[in-house]
Amino acid sequence: MLGVTKKSAAAEDVSLTEWPEPEIGAGQVLVAVKAAGICGTDLHIYRNEYASNPPVILGHEVCGVVEKIGASVDPSWRGQRIVAETFFSTCGQCRYCRTGRPNLCAERRSIGSHVNGAMTERLTLPVQNLHRAPAALSDAAASMAEPVACVTNSLFDDYSWIEAGDRVLVIGPGAIGLIAAQVATALGACVTVRGTAKDGQRLELAARLGFETEIASDGTKGTDFDVAVECAGNGLAYADALHATRKAGRVIQMGLSGKTADLPVDLVCYKELQLRSGFASTPRSWRRAMQLLNDQRLHLEPLVSDIIPLKDWRTGFDRSFAADGTKFVLSPEAGVTA
């Protein structure tokens, strides 16, 4: 089978490579991939800005169908259309695993970075990672369940960091930003989405989804927000979030830049800001995400800019780097005729 593979530790050493069929062990399933979203993390791995264990097939945003089951797996999973949590294995013993935060386990091995991921035809997953895909979602939209779980991990801990009636600024109108904006709206917030001049297409989509929009460089930027959610992944956006939030407000970081940044951190003290972040997802954040999706509280279909055949993966990566759309999804079946 073919897989989009990070072949070595060298930057940009990624190609479509032949792999043997995966084997399944006890407690595992073999999934036929229907859709694999291209995430910012995949772009960072491509550029060596995020740790990986090459050679490894990229991709952790997946929707697929269970083809085979291993020993001790409930037979009812066979044939189910699924989405999946990303951690292939963790130690299970550290303080983070034991308190429901396996995303912070030092020994975690995730699909798409440490073990083979979803940008291929078939992959192996632990059965405990599986969730039944909401019937109302297409395969491409369902593959965004994982980004939704990342958003709920960032916006919630023991309580919601966004309250009904809050004025919320989302900086960065990519897929994560537009999902965060929708989750905040579901919590009762009034949301503004801010981007740059080159984000015109994405800001138009944000407006169609019902959000107020702003361009960061137009001189009319709103301030005094209760909450700012940084989803752009760069120092300028993070600084913008610190400036835009009211005194005693909340700043939530979601974007990753892969590099250091010079930030006006004194504002955290002067304004008594509360800072929050979320790395990847947790079982708890997945439960929240699946509830939102099953209740049809989020609109993911409009975020899918294109479904691209696996063999044309480079087009999807190039368009993602260029921000030429919102979410690009690879499919082994796209462009294949019977």
Side-chain angles (χ1 to χ4, degrees), residues 37-40 43 141 144 147-156 160-246 249-257 273 275-278 289 292-293 297-305 319-328:
I38 299 175
C39 173
L43 306 183
M144 281 186 274
V148 175
C150 293
V151 167
T152 56
N153 185 38
S154 295
L155 302 192
F156 294 86
S160 173
W161 274 59
I162 294 175
E163 300 176 356
D166 277 344
R167 294 182 64 241
V168 174
L169 174 66
V170 174
I171 301 174
I176 286 288
L178 294 182
I179 291 170
Q182 293 187 57
V183 173
T185 298
L187 294 171
C190 178
V191 179
T192 297
V193 177
R194 181 180 293 175
T196 65
K198 69 177 183 179
D199 289 321
Q201 182 179 356
R202 291 174 165 184
L203 289 173
E204 288 176 6
L205 174 57
R208 291 199 301 273
L209 290 170
F211 302 114
E212 295 291 329
T213 62
E214 294 181 350
I215 295 177
S217 59
D218 65 3
T220 60
K221 296 180 293 181
T223 58
D224 205 36
F225 288 93
D226 299 296
V227 184
V229 188
E230 193 286 302
C231 299
N234 63 70
L236 290 176
Y238 202 141
D240 193 13
L242 297 177
H243 283 289
T245 308
R246 65 167 173 82
R250 288 147 274 157
V251 175
I252 302 170
Q253 181 197 354
M254 288 205 65
L256 295 176
S257 68
L273 299 176
L275 302 183
R276 164 78 182 157
S277 63
L292 286 167
L293 294 176
R297 302 288 300 278
L298 308 181
H299 303 286
L300 300 184
E301 302 288 354
L303 276 58
V304 180
S305 298
R319 293 182 68 186
S320 297
F321 277 122
D324 178 28
T326 304
K327 172 61 71 173
F328 297 96

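Positions are given from 1, in the same order as the sequence printed here. Please read all numbers here as calculations on a predicted model, not as lab measurements.
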Worksheet item: Between Ala184 and Val191, what is the shortest heavy-atom contact and its length?
Response: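 Residues Ala184 and Val191, closest heavy atoms: CB-CG2, 3.8 Å.
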
Item to complete: Heavy atoms only: give me the nearest Ala216-Asp240 pair and the separation to one decimal.
Response: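 For Ala216 versus Asp240, the nearest heavy atoms are CB-OD2, 4.3 Å.
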
Find the distance between [atom1] ([X]) and [atom2] ([Y]) and round it off to the nearest 0.5 Å.
X: Ile179; Y: Thr152; atom1: CD1; atom2: OG1; result: 10.0 Å
X: Trp161; Y: Asp226; atom1: CH2; atom2: CG; result: 13.0 Å
X: Leu169; Y: Glu214; atom1: CG; atom2: CD; result: 6.5 Å
X: Cys150; Y: Leu155; atom1: SG; atom2: CG; result: 11.0 Å
X: Glu163; Y: Arg250; atom1: CD; atom2: CZ; result: 5.0 Å
X: Thr326; Y: Ile176; atom1: OG1; atom2: CD1; result: 12.0 Å

Got a donor-acceptor contact below 3.5 angstrom from the [X] side chain to the [Y] backbone?
X: Gln201; Y: Leu203; answer: no
X: Gln182; Y: His299; answer: yes
X: Arg276; Y: Ser154; answer: yes
X: Asn234; Y: Ala237; answer: yes

If we only count heavy atoms from C-beta on, is the [X] to [Y] side-chain gap below 4.5 Å?
X: Met144; Y: Val304; value: yes
X: Glu230; Y: Val251; value: no
X: Val151; Y: Val229; value: no
X: Val168; Y: Phe211; value: no
X: Pro173; Y: Leu205; value: no

